[in-house]
Structures are given as structure tokens and as C-alpha cells.
Amino acid sequence: MGSRQHVRDIQSGPPLPYTDDIRAYKKEYAEALDAQDPLRSFRDEFIIPSKKDLKRKTLAAEDDNETSDPKSIYLCGNSLGVQPRSTQKYIERYLRAWATKGVTGHFVSHEDELLPPFVDVDTAGSKLMAPVVGASQSEVAVMGTLTANLHLLMASFYRPTKEKFKIILEGKAFPSDHYAVESQLRHHNFDPKEGMVLIEPENLDKPTLSTEQIIKVIDDNASSTALVLLSAIQFYTGQYFDIERITAHAHSKNILIGWDCAHAAGNVDLRLHDWNVDFAAWCNYKYLNSGPGGMAGIFVHERHGRVDEKQSDSDVTFRPRLSGWWGSDLATRFNMENKFTPQTGAAGFQLSNPSVLDITAVVASLEIFNRATMKEIRQKSVNITGYLEHLLLKYPLDASAADKPFTIITPSNPAERGAQLSIRLQPGLLDRILHSLEENGVVIDERKPDVIRVAPAPLYNTYAEVWEFCQIFLEACKEAVQAR
Ligand SMILES: Cc1ncc(COP(=O)(O)O)c(C=O)c1O
């Protein structure tokens, strides 16, 4: 099923919480939405920093964790997700396994373990990750970090020739992606000025990119392009691209395409396998709550991860890649024969034995996601993000849209966005508004000069928090305009 079709299904589900009825602007309405929320129990699985935690000049003492201080309004899962309550238990269990079993922890299972023995932890990661990104287990690996993985994947998927060497990406791609592409071109002795095709927004007031525009850039450069690398959800605008259609179009021109899913994994209901994506990479510390800089994930479509027996001799054929021992066949990995035969699938792209500490934090969070489905998570995301947008645009009822000192640059169509709304403020208001939000215990992030990003994460944010955020934000806007 296509991505757009899927969102149409969502919209024909339970009614969205938009209504112009005056009662819908009251806190009681938000609380009623929370009471009906099928995912409401998940909030308790996470540690939301309290307002006091955020203000304190020291780290809270351990036993302060569970105080009844009011929670902050944490709407920043697009940047760094909050800590699952279970992470501590998972990490303590890992530390205990290492302390009490030493090197034998590599191979021996234990009755009370939460993850398999150290040599097999990567399989625990891929098993839980696969349903989150719409892939089979063998198509995903939990490994490395996002930018390093993009390089590894480009080492395999960017195979330029003199005629076909360009890489198409967004003009406003996340800087790390831009640098990665630029350096890949240089690495292959191409001039980035000739080799990077940047898709720039046509309207800077609304800096989104239409599918038609992306397709036209692909068409215009089809004969000289080796690779398209786009973000699934744009970090700045929050725009969710039509992955299925753009992927199919790139393929129709014989071009491989990869997706940076940093802002999409755990946020939207990805179908990387069904959409025929060649490869994808993401970090797990945003919507997937694995902790700052935590271990990342990759997807390699099954057709690229095959390891085939050659007909004539016993050698095998596989997609070229930069290799390390952890990508090699499990049956021969420890034979130390220096003959690389990769594991089938994304696991064959691994280099080093994974940091068990790191992967443990990823698994702790993925285990929670696996108790819901991405379809349910997306359903709530569409509803709660729509509610946020509705309040921002319609409330207070006596203010006309023209009086509002901000515009929302994220597409208004739910099919074209995830949980994040990017709000562009009129010039000169940002610092004062940020100060008010911070004073009131609201956590969001800003992209200078004038954008704030607000992201209600479906598993731990509530409609009541969204309501409260809007009160605080709209008041902060009023004060900032008066002070200007
Ligand atoms: C879209 C995107 N790409 C790349 C990165 C870089 O990630 P990392 O530092 O984990 O390599 C980020 C980080 O936020 C990002 O948002």
C-alpha cells in the first residue's frame, strides 16, 4: 500500500480532534482526548524531566527521579527523545553480565538476561527495529552512527562513472549529509560544484519542495546522476516526502536512491521494503529514545543484500562494500581465514562488534515500540499534531490569522508531515519567546534565525500538554510583540 493511501486510511479512521465548537478550546476537551487515547498508558514508560530538574544547577540525586514536581512540557522528541524508564534496568543488567561473566558473556545465555549473549546482541536490535521501519529483519542492522553509516552506504551505492557521477540532494539538507555527499564526490575526484545537484525551494517563505519539483530535478539530470540522497522528513520544515513515488521515479531513470530517516524512524509509518527503497540510514536518539549519540540503524533492500553462489566455482558474489569482520558470515567469522563472505542482508554491512552498552539502550526503547504498532503511533501523531496546528491557528478565537506573529511552514496536509510543526516567527521575536517558554518549563528547539520546532511525540506527549503549550506560546507571542 502506498504512503499516501495509508494516510487516507488513517483519515477515514476515528474522527480527528478538530472542531470549531467553543468547548473544544477548553482544557477539559484536551483532557477528554487524553482519556480516550488508546496509547495513554505509554507515557508512564518514560521519564519526563520535571520543571525543577531543568532549572537545577546540578544533576538530580538518583532518588529524586520520581518526585511529584510538575513535569516540563517536553515537545522535543524530534531532537532528543526522553529516557525510557526501562533503560536503567537494561543497562544495569548488561553491566552485571559483564561484571559477573566477563568474556564468557560473549557466548553463554543466562536465564535472567534481557538481551542475548554479547556476540548475538545485534540480532536483538534488528528483530525489534524491522517492524518500526517497515522492513524484514534481514534488511536492517543496528550499528554505528548516522553520518558514518551514510558514508558506508554511499561507499557501496555511489559507484560513479565519468558520465554518471552526480548526487542529487536537498539544498537545505542537514549539514552532515551535505558534507558527507561533498566529501564522497571529492573522494572520487569529482568537483562538488559539478557533482552536487541541490534542490532549492522555489518559495523561501514556504521552503518546502513539491514532489513534482523533485521529479523534474531528477529528470533534468537523469543521464549524469548516479545517486539521489534525500531526507524522509526534512529536519527544518518537517516536510515528509513521498518516498514511494520519488523512489519509483528515480528507479525509472536507472538511478539508485537512499533516504536519511533521522526524523522519520519511530515517527511515521515507514514501509521501506514495500516502497522499494535501495538503502536508508537513521539515528535512534530522536523519536526512538536511545540516548544522545546512541547507536544508529541502516536498511538495505533485500535485493542489494543478497549473497549468491557463483555457478562455475565455489565463490560467492555480493554487492561491493567496505567490510569488517562483523559483517562476515557467522559460520566462518571466527575462523580467522581472511576470506570475506558477508552475511546476507544489512548485517553484512556491519564492521565492528557492536557496543553492547549502546545497543542495550536501543533495545530498551524498541521493546516499548514493539508493544504498539507504528500504525497506531502514526494515528495518534496525526491527531495530536493536527490538534496542535488547530489551536495555534484558531485560538484565541478573536485573533485573525493576520494578527498572528508567526506562520507554520510545515505542510498542513497530514500526509506530508510527521509529528513536528516548524513555526516561523516574525523577525526579532525569537529570543524573547524562547525565554518565556524556558521560564515556563517548555522544551522545544530553535533553528536560527526565526524558526522553532515543536514535536508532540505520540508515546509520551498528551493533548493537555499541547493545550498548555499553546496557552504559554500564544501569551509569549503577545508579550514579545508588545515589547518589540
Ligand atoms: C537529518 C539528519 N542527518 C544527519 C544528522 C547527523 O547525525 P549524527 O551526528 O548522528 O551522525 C542529523 C542529526 O541530527 C540529522 O537530523
Side-chain angles (χ1 to χ4, degrees), residues 75-82 125 129 133 140-155 157-158 167-184 196 198-199 201 207-209 214 227-241 243 246 257-268 270 272 277 279-299 349-352 354-355 357-359 361-362 365 409-410 417-422 443-448 451-455 457:
L75 297 169
C76 211
N78 59 308
S79 178
L80 182 69
V82 298
M129 183 63 82
V133 295
V140 295
V142 176
M143 60 184 261
T145 53
L146 172 52
T147 308
N149 287 344
L150 284 173
H151 275 299
L152 272 184
L153 289 163
M154 280 194 272
F157 287 87
Y158 177 54
I167 304 179
I168 298 177
L169 69 162
E170 308 131 71
K172 299 284 176 291
F174 192 84
S176 207
D177 297 32
H178 187 101
Y179 306 149
V181 166
E182 195 171 41
S183 57
Q184 283 284 334
M196 285 172 96
L198 303 178
I199 316 177
T208 49
L209 304 172
I214 295 170
L227 181 70
V228 178
L229 180 70
L230 295 173
S231 50
I233 292 191
Q234 224 284 337
F235 78 97
Y236 182 72
T237 61
Q239 181 181 8
Y240 180 18
F241 294 115
I243 298 177
I246 296 167
I257 179 161
W259 293 90
D260 176 340
C261 295
H263 291 263
N267 177 11
V268 288
L270 293 168
L272 296 178
V277 162
F279 70 91
W282 57 91
C283 51
N284 290 318
Y285 46 77
K286 298 177 185 296
Y287 294 95
L288 289 171
N289 313 310
S290 72
M295 197 176 264
I298 67 164
F299 166 89
F349 285 73
Q350 296 175 100
L351 297 185
S352 298
S355 156
L357 176 60
D358 256 355
I359 211 168
V362 179
S365 175
I409 59 172
T410 306
R417 68 185 185 204
Q420 168 192 331
L421 293 186
S422 299
V443 185
I444 47 93
D445 75 356
E446 102 255 14
R447 284 287 170 261
K448 292 229 151 83
V451 165
I452 63 168
R453 303 185 302 177
V454 183

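Indexing begins at 1, ligand by ligand and atom by atom, following the structure's order.
Formation of a donor-acceptor pair under 3.5 Å by the Ser183 side chain with backbone atoms of Ala180 is found in this model. Put simply, the side chain of Asn267 never gets that close to the backbone of Ala265: no donor and acceptor are under 3.5 Å apart.
Annotation: atom 14 (O) of ligand 1 to nearest protein heavy atom, Lys286 NZ, 2.9 Å. In terms of protein heavy atoms, atom 12 (C) of ligand 1 is closest to Phe174 CE2, 3.4 Å. Closest to atom 16 (O) of ligand 1, if we only count protein heavy atoms, is His263 NE2, 2.9 Å.
When each of Ile298, Ile359, Asp358, Leu351 is tested with Met143 by the rule side-chain contact (heavy atoms from CB on, under 4.5 Å), just one qualifies, namely Ile298.
The distance from ligand 1 to the heavy atoms of Thr147 drops below 4.0 Å at these ligand atoms: 6 (C), 7 (O), 8 (P), 11 (O).
Within the 4.0 Å heavy-atom shell around ligand 1 one finds Asp260.
Heavy-atom proximity to atom 7 (O) of ligand 1, evaluated over Tyr236, Phe235, Trp282, Tyr285, is greatest for Tyr285.
Using a 4.5 Å heavy-atom threshold, the side chains of Tyr236 and Ser422 count as separate.
Of the heavy atoms in Asp177, only side-chain atoms (C-beta onward) come closer than 4.0 Å to ligand 1.
Thr410 and Gln420 are not linked by any side-chain donor-acceptor pair at a separation below 3.5 angstrom, with hydrogens and angles left out of the test. Gln234 and His263 form no side-chain donor-acceptor contact under 3.5 Å, judged by distance and modelled atom types alone.
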